[in-house]
Amino acid sequence: MLNLRGLFTRDAIIAYLKALPVLKTPVMDAIFTERPQHPLALLGTDDIAVDAQPLPFIRRGGPSIAAISEGGGIAMYEPLPVRVHKSITAADLSNLQVLKAESLDTWARGKTDYLRRAVRRTTEALCARALSGKLRWPVALEKGGFDVFEVDYGRILSVEAEKAWNAADAKLKDVYSCLSDMEETIQDGGFGGQIEIWAGKNAYNALFVIAENSKTTAQIRVEITSQGINVGGYLVKRRSEKHRDPESGAMTPAVPDDTVRMIALDAGHRLPYCAVDDLDANLQPLPLFVKPVKTDNPSGYQLIAESKPFPVVNTRGVCDAVVL
């Protein structure tokens, strides 16, 4: 009989993932490049603290000081798992009996790819929502219906645009002034050495119109490229990707249509993977764990994939401006 467990060992899954093409997820790829594996199922406030400030010197022989503000309370966060399965029927297993080892690996790699795409899309949506300063995501209940998982990281920074970008008299200098104010607001918190600037669909379209109708001057240069619109050194990228809410089915954009979002890459945003609640995974933190579980009705197996991502956002490194 075919040994499915042998096809989905930890080493085999790692080999499949290395052989599969890279998945493009704009928010994760640009902002959450640091993805540590957290050995516990819970995260404390110290584990998600990203707000490090410059510190004074200490006199020789003097006591050290805390790197972050220490309060008297202890808060713990309990990340919930992303868990998805794909059914393998007894008929499927019967057909697989005739395959050679190389073909079985190809089959298992294809199933792993299906599961990793589902987990990755969910993780990308979580990261996009977290950048707003609050993560709200539905939790499927065993008896049907949904609960809500919510984490409040705090209020992100904001700047008020002096003039709407779709106003009839909007000029390039109005765009530059808004972007400059956003950068300065982030820099006031000690960040902003490297930034990403994302515009929602309508905001980007309004900027495109301004750029097309503007003439480059010695003070402000504008250039429309395949990467985005460069306004005086600020590269504004179109970010109109959407994700589907599992509960309502509504499509939510990564950045609101009327908003420009500036994100400091040096602010410490990261994506820890916490320990998965599975004994076969040795309760270890893994970006993706897959295992076959036998079922009797109908007879076959379920390939169950699990991951426990938890996006961590420094709200003092994110600034929004509603420009329409």
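Predicted, not measured: the structure shown is a model, and the values here were computed from it.
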State the [atom1]-[atom2] distance between [X] and [Y], to the nearest 0.5 angstrom.
{"X": "T295", "Y": "H85", "atom1": "OG1", "atom2": "NE2", "answer": "9.0 Å"}
{"X": "K237", "Y": "E196", "atom1": "NZ", "atom2": "CD", "answer": "3.5 Å"}
{"X": "I229", "Y": "I224", "atom1": "CD1", "atom2": "CD1", "answer": "5.0 Å"}
{"X": "L286", "Y": "Q37", "atom1": "CG", "atom2": "CD", "answer": "6.0 Å"}
{"X": "Y204", "Y": "R239", "atom1": "OH", "atom2": "CZ", "answer": "10.5 Å"}
{"X": "L43", "Y": "K308", "atom1": "CG", "atom2": "NZ", "answer": "9.5 Å"}

pair [X]-[Y]: side-chain heavy atoms closer than 4.5 Å:
{"X": "R136", "Y": "V148", "result": "yes"}
{"X": "P26", "Y": "E241", "result": "yes"}
{"X": "V231", "Y": "L207", "result": "yes"}
{"X": "S240", "Y": "W198", "result": "no"}
{"X": "M262", "Y": "I186", "result": "yes"}

Co-membership, hydrophobic cluster, residues [X] and [Y], 4.5 Å side-chain:
{"X": "F289", "Y": "L115", "answer": "no"}
{"X": "I195", "Y": "L235", "answer": "no"}
{"X": "L23", "Y": "V82", "answer": "no"}
{"X": "V322", "Y": "M182", "answer": "no"}
{"X": "L17", "Y": "W107", "answer": "yes"}

Give the minimum heavy-atom separation between [X] and [Y], together with the two atoms involved.
{"X": "P272", "Y": "V312", "answer": "CD-CG2, 3.8 Å"}
{"X": "G317", "Y": "H269", "answer": "O-NE2, 3.8 Å"}
{"X": "V318", "Y": "V313", "answer": "CG2-CG1, 4.1 Å"}
{"X": "P309", "Y": "Y273", "answer": "CB-CE2, 3.8 Å"}
{"X": "D152", "Y": "G133", "answer": "OD1-O, 3.4 Å"}
{"X": "F8", "Y": "P292", "answer": "CB-CD, 4.2 Å"}

Distance-only, no hydrogens or angles: does the [X] side chain make a donor-acceptor pair with backbone N or O of [Y] under 3.5 Å?
{"X": "T225", "Y": "Q227", "value": "yes"}
{"X": "T122", "Y": "A118", "value": "yes"}
{"X": "T106", "Y": "E102", "value": "yes"}
{"X": "T33", "Y": "D29", "value": "no"}
{"X": "E124", "Y": "M28", "value": "yes"}
{"X": "D92", "Y": "I88", "value": "no"}
{"X": "T123", "Y": "V119", "value": "yes"}
{"X": "S158", "Y": "D320", "value": "no"}

Atom CD of Q194: over 12 foreign heavy atoms under 6.0 Å
no

Is the number of heavy atoms from other residues, nucleotides or ligands under 6.0 Å of E78 CD greater than 12?
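Open: at most 12 neighbouring heavy atoms sit under 6.0 Å from CD of E78.
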
Can you see whether R261 engages T259 through a side-chain donor-acceptor pair at a distance of less than 3.5 angstrom?
no

Check the pair R10 / D278 against salt bridge (charged side-chain N to carboxylate O under 4.0 Å, His left out), numbers first and verdict last.
CA-CA 13 Å; R10 183 178 184 274; D278 196 294; over 6 Å; no

Taking the cut-offs as 6.0 angstrom to the six-membered ring centre and 45 degrees off its axis, would you call K86 and Y114 a cation-pi pair?
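Because its charged atom sits under 6.0 Å from the ring centre and within 45° of the axis, K86 does stack over Y114.
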
Thinking salt bridges, do [X] and [Y] make one under a 4.0 Å N-O criterion?
{"X": "K171", "Y": "D169", "answer": "no"}
{"X": "R109", "Y": "D105", "answer": "no"}
{"X": "K291", "Y": "D280", "answer": "yes"}
{"X": "R129", "Y": "D245", "answer": "yes"}

List the residues meeting side-chain hydrogen bond (donor to acceptor under 3.5 Å, both in side chains) with R35, not counting sequence neighbours, and say none if there are none.
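side-chain hydrogen bond (donor to acceptor under 3.5 Å, both in side chains) list for R35, sorted by chain: empty.
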
Sorted by first residue and then second, give each side chain to side chain donor-acceptor pair (under 3.5 Å) pair with at least one member in residues 173-185; sequence neighbours left out.
E183-Y234

Once you measure the plane-to-plane angle for F310 and F149, does it fall in the parallel (<30°), tilted (30-60°) or perpendicular (>60°) bin?
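Correct class here is perpendicular.
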
For R155 and T315, what are the C-alpha separation, side-chain angles and deciding distance, and is it a side-chain hydrogen bond (donor to acceptor under 3.5 Å, both in side chains)?
CA-CA 6 Å; R155 186 185 296 274; T315 55; over 6 Å; no

